[in-house]
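Convention: sequence-line order gives letters A, B, ...; per-chain numbering from 1.
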2 protein chains.
Amino acid sequence: MPVTIKVNEESFTPRQQAVLTAALDLLVENGEGLTMTAVARRASCSKETLYKWFGDRDGLLTATVQWQAAKVRMPQVDRSALSAKALRLSIEQFARDLLTTIVGEVSITLNRTAVTHAAQEKDRLGIIVLENGPLAIRRRLKPILEAGRDARLLRFDNSEDAYRTFFGLVVRDVQIRLLLGDRSLTQSNVEANIEADATAATNQFFALYGADTAP
Amino acid sequence: MPVTIKVNEESFTPRQQAVLTAALDLLVENGEGLTMTAVARRASCSKETLYKWFGDRDGLLTATVQWQAAKVRMPQVDRSALSAKALRLSIEQFARDLLTTIVGEVSITLNRTAVTHAAQEKDRLGIIVLENGPLAIRRRLKPILEAGRDARLLRFDNSEDAYRTFFGLVVRDVQIRLLLGDRSLTQSNVEANIEADATAATNQFFALYGADTAP
DNA sequence: ACAGAACCGTACCGTACGGTACGCCAAGCC
DNA sequence: GGCTTGGCGTACCGTACGGTACGGTTCTGT
């Protein structure tokens with residue numbers, strides 16, 4: 001008895017959002033410790049209500065991920081001002097935001113949950129995370145890159161390639177190491193370097209795609 | 001009753017390796033379908049034997065990952081020949097091998113398993129995968145990079161940064177998308193582009209770190 | 001030839017957890 | 001005040017699975 005997923009609706013009642021918050025908290029704390037009983041207890045509601053609202057465990061999980069993934073802050077950069085300096089700042093800001101998001105505990109949890117899910121023929125969560133993570137960034141960044149090209153500030157044939165290179169330069173091996181639980185990458189440790197890393201990645205990106213680069 | 005893990009020993013009897021193969025097959029097919037009963041049935045052995053050999057489910061999982069991760073082919077490049085051309089070929093070969101590994105079904109399965117594991121305070125598998133994946137590549141690549149620098153073919157302050165940039169340029173968003181089950185990235189689809197992607201990444205890497213690059 | 005170990009197959013136990021049923025209370029509505 | 005609805009809490013059921021026990025069979029060493 002599948003329940004229609006609420007997409008593009010923030011139509012969760014406050015009570016329901018409280019439940020989703022509880023579920024997310026459990027996910028973050030316990031990883032796989034998201035049991036229906038635990039959520040019910042944490043949110044002070046009955047299991048019956050959970051099943052009524054979300055259909056089954058998978059529905060609850062999906063709703064939680066969906067709801068949380070949709071609220072990752074995505075930088076809104078103005079496309080109008082296109083001086084070389086403004087473009088660089090925009091892109092650097094993107095790098096910063098991307099790193100900040102990826103490093104966050106919520107993001108790590110969501111990605112882990114989705115990967116776990118994807119290990120069982122189910123790609124629903126994976127698609128959701130993908131859609132709200134990398135792909136969302138791509139949707140926002142591409143127009144900026146193309147505007148930069150139109151203004152002769154950047155040079156590339158394929159904006160897709162340019163975006164993916166940017167992603168690689170910024171993320172490097174940080175995300176996979178965090179997902180794998182690398183102990184030598186403490187949260188604070190990484191956070192302290194976000195500024196420098198974002199700047200470095202931006203410099204490298206411009207070195208590769210800046211219009212003043214030798215072809 | 002923990003069982004000592006066999007590290008740096010290929011000391012699994014053929015029979016045990018058959019069991020591990022069965023376990024890996026189940027992992028690849030079913031993701032989380034690795035149940036002790038299933039492994040026993042698939043390998044035509046008794047559960048009691050499994051527990052005797054591997055201690056518990058976690059031990060079996062660890063042994064499987066350990067055993068499999070250790071056998072990922074790692075390119076052996078000769079450090080001696082250090083013409084500019086040879087260096088570029090070595091690095092390009094690294095890119096190719098890295099991509100080929102990452103795209104493989106076994107690698108995806110192992111990484112997913114380790115990530116799932118890491119979502120439960122357990123970082124054992126994560127460390128193993130990390131150690132045999134990115135870190136192994138790093139151990140092999142770094143000397144080459146440094147040799148390249150000593151021969152004035154490359155220029156960088158920090159070989160760690162250079163390695164991580166290389167990793168980012170090569171892997172980009174491919175791995176995370178595969179782990180998340182991105183349907184638009186079929187195996188064959190990606191494999192077909194390995195050659196081109198490896199070359200492109202190498203070019204970009206030399207553009208950033210080649211000695212003839214403007215500082 | 002015989003004892004003992006190794007191991008297979010199966011049956012069994014305990015528990016955790018997804019999912020359901022039911023009794024009860026409180027709020028809104030007639 | 002009665003009645004309905006929504007939701008809480010708890011008890012309950014079924015099952016899947018980790019882990020153990022045990023009888024029977026093959027292999028090994030003496």
Side-chain angles (χ1 to χ4, degrees), chain A residues 1-6 11-65 113 116-117 119-122 124-125, chain B residues 1-6 11-65 113 116-117 119-122 124-125:
Chain A
M1 201 147 304
V3 161
T4 59
I5 330 167
K6 324 210 172 187
S11 57
F12 287 116
T13 71
R15 187 75 183 91
Q16 286 172 332
Q17 296 195 26
V19 170
L20 294 180
T21 302
L24 182 70
D25 287 351
L26 283 175
L27 267 188
V28 172
E29 290 172 19
N30 260 347
E32 291 303 283
L34 187 137
T35 98
M36 301 303 274
T37 309
V39 174
R41 194 155 37 216
R42 171 81 60 118
S44 291
C45 73
S46 77
K47 283 170 66 175
E48 201 169 12
T49 304
L50 292 185
Y51 284 102
K52 186 172 177 181
W53 285 349
F54 304 104
D56 57 4
R57 183 179 181 278
D58 239 50
L60 173 59
L61 208 54
T62 306
T64 305
V65 172
T113 305
T116 300
H117 215 67
Q120 316 161 345
E121 297 96 295
K122 313 180 181 177
R124 229 161 149 214
L125 293 189
Chain B
M1 201 152 299
V3 161
T4 58
I5 329 169
K6 324 210 173 185
S11 60
F12 286 117
T13 71
R15 187 75 183 93
Q16 286 172 332
Q17 297 193 28
V19 169
L20 294 180
T21 303
L24 182 68
D25 287 351
L26 283 175
L27 267 188
V28 172
E29 292 170 18
N30 262 345
E32 292 303 283
L34 188 136
T35 108
M36 301 303 274
T37 310
V39 174
R41 194 155 39 216
R42 170 81 61 118
S44 290
C45 73
S46 78
K47 283 170 66 176
E48 200 168 13
T49 304
L50 293 185
Y51 285 102
K52 187 173 178 182
W53 286 347
F54 304 105
D56 57 4
R57 183 179 182 277
D58 238 51
L60 173 58
L61 208 54
T62 306
T64 306
V65 171
T113 306
T116 300
H117 215 67
Q120 314 161 346
E121 297 96 294
K122 314 180 181 177
R124 230 161 149 214
L125 294 189

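- Side-chain N/O atoms of B:Thr35 include one lying less than 4.0 angstrom from OP1 or OP2 on D:dG18.
- A donor-acceptor distance shorter than 3.5 angstrom exists from the side chain of A:Gln17 to the backbone of A:Phe12, with no hydrogens or angles considered.
- In this entry the distance linking CG of B:Leu61 with P of D:dG18 reads 11 Å, nearest Å.
- Considering only residues two or more places apart in sequence or on other chains, A:Lys47 meets the salt bridge (Lys or Arg N to Asp or Glu O under 4.0 Å) condition with none of them.
- If you check residues 20-32 of chain A against DNA chain D, you find no residue with a heavy atom closer than 4.0 Å.
- Among pairs with a residue in residues 30-41 of chain B, none fulfils salt bridge (Lys or Arg N to Asp or Glu O under 4.0 Å), at least two apart in sequence or across chains.
- When heavy atoms are screened at a 4.0 angstrom cut-off, B:Arg15 is found touching the sugar-phosphate backbone but no base atom.
- A:Trp53 has no side-chain polar atom (N or O) that falls below the 4.0 Å cut-off from OP1 or OP2 of D:dG6.
- Looking at residues two or more places apart in sequence or on another chain, you find no side chain to side chain donor-acceptor pair (under 3.5 Å) involving B:Thr21.
- Regarding A:Phe54, its CZ atom lies at a distance of 15 Å from the P atom of C:dG18, rounded to whole Å.
- Minimum heavy-atom separation, B:Val39 to B:Val19: CG1-CG1, 4.2 Å.
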Distances under 3.5 Å only, N/O to N/O: pair up the protein atoms with those of nucleotides 20-25 of chain C.
residue: C:dC22; atom: N4; partner: A:Glu48; partner atom: OE1; Å: 2.2

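- Considering only residues two or more places apart in sequence or on other chains, B:Arg42 meets the side chain to side chain donor-acceptor pair (under 3.5 Å) condition with B:Glu29.
- Among residues two or more places apart in sequence or in another chain, the side chain to side chain donor-acceptor pair (under 3.5 Å) test is passed with B:Thr116 by A:Thr116.
- Residues passing the side chain to side chain donor-acceptor pair (under 3.5 Å) test with A:Ser46 are A:Thr49, sequence neighbours excluded.
- To the nearest angstrom, P of C:dG18 lies 12 Å from CZ of A:Arg41.
- Applying the side chain to side chain contact (heavy atoms under 4.5 Å, CB included) rule to A:Ala18 yields the partners A:Arg15; only residues at least two apart in sequence or on another chain are considered.
- The nearest heavy atom of DNA chain C to B:Ser44 and to A:Leu34 marks one nucleotide each, and the one closer to the 5' end goes with B:Ser44.
- Residue A:Arg57 has no polar side-chain atom (N or O) positioned under 4.0 Å from OP1 or OP2 of C:dA16.
- Atom-to-atom, CG of B:Leu50 to P of D:dC17 comes out at 15 Å; the value is rounded to the nearest Å.
- Protein atom CG of A:Leu60 is 10 Å distant from nucleotide atom P of C:dG18, rounded to whole Å.
- When rounded to the nearest whole Å, the span between CE of B:Met36 and C1' of C:dC12 equals 17 Å.
- B:Asp56 places its CG atom 20 Å from the P atom of C:dG14, with the value rounded to the nearest Å.
- OP1 and OP2 of C:dC7 both lie 4.0 Å or more from every side-chain N or O belonging to B:Thr49.
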